[in-house]
A.B. asks: 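Please read through the structure below; I'll follow up with questions.
Excluded from the calculations below are hydrogen atoms, water molecules and symmetry mates; all remaining heavy atoms, backbone and side chain alike, are included.
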Amino acid sequence: RVLESFVRDKIERIEVQRRGVTTQLVKVPIDEDDQFDVGGWKVEKPYAAKADRNSVDSLIGALEWIDARRSLGEISAEERERFGLTRPRYRVQYALGRERGGFAIGGPAADGSGYYLHVPDQNRTYVVGKDLIEALDHEPADYHTRELHDAVSVYALTKLSLRDGVGDQRERRLERRDGLS
């Protein structure tokens with residue numbers, strides 16, 4: 001495993017920087033007074049919203065099981081530049097209580113087998129598979145729950161009317177027809 005300190009049950013915060021945008025996911029603690037509360041996640045950046053549990057679980061699973069195709073060990077500053085690690089495509093930070101960790105992903109490996117990943121805390125560089133890139137390559141909205149309001153899902157919605165609260169009170173309507181919107 002590339003991230004030895006990454007333990008699913010202890011993760012409290014994950015930040016993914018992608019294309020200049022930081023998506024920050026924060027674990028919501030379980031309400032001990034509510035016997036039915038199972039906790040969950042919320043999106044804190046770039047906006048505040050309830051997070052989709054399946055999307056976050058998928059990301060955590062990908063991070064938990066990062067598999068190195070090759071280990072390059074310590075690399076020079078010149079190699080970091082050449083591998084795209086000085087201006088990485090992705091930066092990931094995570095928190096487990098007081099412990100912090102993270103990594104950066106640079107360009108594609110020369111042989112096309114994956115991408116360069118650098119773990120600063122270990123000062124080690126790896127080549128990892130494209131599946132990790134697929135797990136990280138998501139817009140912030142992809143982590144947002146599909147609920148418009150508590151218990152109202154976009155998947156169950158048939159009509160939606162939006163009205164401008166200022167000025168001329170313009171209204172926009174969306175209606176699902178034959179399963180399409």
Side-chain angles (χ1 to χ4, degrees), residues 1-28 38-146 154-155 180:
R1 288 181 41 194
V2 172
L3 303 177
E4 295 171 6
S5 67
F6 194 93
V7 179
R8 174 183 288 270
D9 294 336
K10 294 184 179 182
I11 294 296
E12 296 175 355
R13 179 180 306 268
I14 302 171
E15 284 186 17
V16 178
Q17 294 176 2
R18 171 189 167 272
R19 297 183 185 149
V21 176
T22 299
T23 302
Q24 187 177 76
L25 304 166
V26 177
K27 191 173 195 175
V28 176
V38 294
W41 288 84
K42 63 182 177 178
V43 179
E44 278 198 347
K45 286 184 182 177
Y47 52 81
K50 184 177 176 183
D52 178 68
R53 180 181 300 272
N54 292 333
S55 297
V56 176
D57 281 348
S58 178
L59 173 64
I60 290 172
L63 298 177
E64 184 177 28
W65 298 107
I66 296 173
D67 187 31
R69 304 271 165 97
R70 285 194 323 268
S71 175
L72 305 177
E74 293 183 31
I75 60 173
S76 67
E78 179 185 305
E79 289 171 313
R80 264 196 298 283
E81 175 76 32
R82 193 172 70 231
F83 296 163
L85 293 164
T86 55
R87 294 180 52 159
R89 293 173 180 237
Y90 305 91
R91 290 182 197 269
V92 177
Q93 300 291 319
Y94 57 89
L96 306 98
R98 291 186 187 156
E99 189 175 335
R100 305 283 184 260
F103 59 89
I105 296 180
D111 64 0
S113 65
Y115 288 79
Y116 295 107
L117 179 145
H118 181 71
V119 182
D121 295 345
Q122 300 172 8
N123 195 23
R124 297 192 57 84
T125 302
Y126 303 90
V127 174
V128 296
K130 296 174 185 175
D131 56 328
L132 178 59
I133 301 304
E134 292 170 4
L136 294 173
D137 198 27
H138 291 278
E139 298 289 333
D142 293 339
Y143 295 104
H144 187 286
T145 183
R146 302 305 180 251
V154 295
Y155 299 117
L180 303 172

A.B. asks: Test of understanding: with side-chain hydrogen bond (donor to acceptor under 3.5 Å, both in side chains), list the residues that count as partners of D142, not counting sequence neighbours.
C.D. replies: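 For D142, the residues satisfying side-chain hydrogen bond (donor to acceptor under 3.5 Å, both in side chains) (neighbours in sequence not counted) are H138.
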
A.B. asks: With sequence neighbours left out, what residues match Q93 under side-chain contact (heavy atoms from CB on, under 4.5 Å)?
C.D. replies: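 Once residues adjacent in sequence are excluded, the partners of Q93 under the side-chain contact (heavy atoms from CB on, under 4.5 Å) criterion are E15.
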
A.B. asks: Nearest 0.5 Å please: distance from the CZ atom of R82 over to the OG atom of S76.
C.D. replies: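 OG of S76 is found 7.0 Å from CZ of R82.
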
A.B. asks: So, do R8 and D57 sit near enough that their side-chain heavy atoms are less than 4.5 Å apart?
C.D. replies: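 Counting from C-beta outward, R8 and D57 do come under 4.5 Å.
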
A.B. asks: Is the backbone of R124 close enough, under 3.5 Å, to the side chain of H118 for a donor and an acceptor to pair up by distance?
C.D. replies: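 Judged by distance alone, yes, a pair lies under 3.5 Å.
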
A.B. asks: Specify the closest pair of heavy atoms between P46 and V21, including all atoms of both residues, with the distance to one decimal.
C.D. replies: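 Nearest heavy atoms, P46 then V21: CG-CG1, 4.3 Å.
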
A.B. asks: Any side-chain heavy atom of I66 sitting closer than 4.5 Å to one from F103?
C.D. replies: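 Yes, side chains in contact.
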
A.B. asks: So, for V56 and A51, which heavy atoms are closest and what is the spacing to 0.1 Å?
C.D. replies: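 Where V56 meets A51 most closely, the heavy atoms are CG2-CB, 3.9 Å.
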
A.B. asks: Do the side chains of L136 and L63 get nearer than 4.5 Å, heavy atoms only?
C.D. replies: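 Side chain of L63 against side chain of L136, heavy atoms only: contact under 4.5 Å found.
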
A.B. asks: Kindly indicate whether the side chain of K130, heavy atoms from C-beta on, has any atom under 4.5 Å from the side chain of Y115.
C.D. replies: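 The answer is yes, as the side chains (C-beta and beyond) meet within the 4.5 Å cut-off.
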
A.B. asks: The criterion is side-chain hydrogen bond (donor to acceptor under 3.5 Å, both in side chains); which residues satisfy it with R80, sequence neighbours excluded?
C.D. replies: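 Scan of R80 (side-chain hydrogen bond (donor to acceptor under 3.5 Å, both in side chains), adjacent residues dropped) gives none.
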
A.B. asks: Of all the heavy-atom pairs spanning L96 and V7, show the shortest one and how long it is.
C.D. replies: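 Heavy atoms only, the tightest pair is CD2-N, 3.7 Å.
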
A.B. asks: The criterion is side-chain contact (heavy atoms from CB on, under 4.5 Å); which residues satisfy it with E44, sequence neighbours excluded?
C.D. replies: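 E44: side-chain contact (heavy atoms from CB on, under 4.5 Å) contacts with R13, Q24, V26, K42.
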
A.B. asks: Run the side chain to side chain contact (heavy atoms under 4.5 Å, CB included) check on V128 and I133 step by step: do they pass?
C.D. replies: CA-CA 9 Å; V128 296; I133 301 304; 5.8 Å; no

A.B. asks: R100: which residues meet the side-chain contact (heavy atoms from CB on, under 4.5 Å) condition with it, sequence neighbours left out?
C.D. replies: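 Listed in chain order: A95.
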
A.B. asks: Between H144 and A49, what is the shortest heavy-atom contact and its length?
C.D. replies: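 Heavy-atom minimum between the residues: CD2-CB, 2.9 Å.
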
A.B. asks: Please report the closest heavy-atom contact between A135 and L59, naming both atoms and the distance.
C.D. replies: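 Result for this residue pair: O-CD1, 3.9 Å.
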
A.B. asks: According to ring-ring contact (aromatic ring centres under 6.0 Å, His included), does anything in residues 53-74 pair up with another residue at least two apart or in another chain? List the pairs.
C.D. replies: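 Non-adjacent pairs meeting ring-ring contact (aromatic ring centres under 6.0 Å, His included): zero.
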
A.B. asks: Within the 4.5 Å heavy-atom criterion, are I60 and Y94 side-chain neighbours or not?
C.D. replies: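 The answer is no, as the side chains (C-beta and beyond) never meet within the 4.5 Å cut-off.
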
A.B. asks: Hey, could you give me the CG/CG distance between L85 and L117, rounded to the nearest 0.5 Å?
C.D. replies: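 Rounded to the nearest 0.5 Å, the CG-CG separation comes to 8.0 Å.
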
A.B. asks: For Y90, give me all partners under ring-ring contact (aromatic ring centres under 6.0 Å, His included), at least two apart in sequence or on another chain.
C.D. replies: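 Testing Y90 for ring-ring contact (aromatic ring centres under 6.0 Å, His included), a comparison that skips the adjacent residues, returns none.
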
A.B. asks: Suppose we screen for side-chain hydrogen bond (donor to acceptor under 3.5 Å, both in side chains). Which residues come up paired with R18, at least two apart in sequence or across chains?
C.D. replies: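 If we apply the side-chain hydrogen bond (donor to acceptor under 3.5 Å, both in side chains) test to R18, skipping adjacent residues, the hits are D137, E139.
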
A.B. asks: Just verifying a value: how many Å separate R91 CZ and I105 CD1, rounded to the nearest 0.5 Å?
C.D. replies: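 One finds 11.5 Å between CZ of R91 and CD1 of I105.
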
A.B. asks: How many angstroms lie between CZ in R53 and OH in Y143, if you round to the nearest 0.5 Å?
C.D. replies: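 Between atom CZ of R53 and atom OH of Y143 there are 16.0 Å.
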
A.B. asks: How close do R89 and P108 get, counting heavy atoms only, and between which atoms?
C.D. replies: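 Shortest heavy-atom separation between R89 and P108 comes out as NH2-CD, 3.5 Å.
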
A.B. asks: List in chain and number order the residues that pass side-chain hydrogen bond (donor to acceptor under 3.5 Å, both in side chains) with T86, two or more places apart in sequence or in another chain; answer none if no residue qualifies.
C.D. replies: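 Scan of T86 (side-chain hydrogen bond (donor to acceptor under 3.5 Å, both in side chains), adjacent residues dropped) gives E81.
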
A.B. asks: Check ring-ring contact (aromatic ring centres under 6.0 Å, His included) between Y116 and all other residues, then give those that pass, not counting sequence neighbours.
C.D. replies: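 Residues passing ring-ring contact (aromatic ring centres under 6.0 Å, His included) with Y116: F83.
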
A.B. asks: Checking E99 now: which residues fulfil salt bridge (charged side-chain N to carboxylate O under 4.0 Å, His left out) with it, not counting sequence neighbours?
C.D. replies: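 Result, salt bridge (charged side-chain N to carboxylate O under 4.0 Å, His left out) vs E99: none returned.
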
A.B. asks: For S113, check side-chain contact (heavy atoms from CB on, under 4.5 Å) against everything at least two apart and list the hits.
C.D. replies: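 For S113 the side-chain contact (heavy atoms from CB on, under 4.5 Å) partners, ignoring immediate neighbours, are R70, A109, D111, V127.
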
A.B. asks: To the nearest 0.5 angstrom, please state how far the CG atom of D121 sits from the CD atom of E4.
C.D. replies: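 CD of E4 is found 11.5 Å from CG of D121.
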
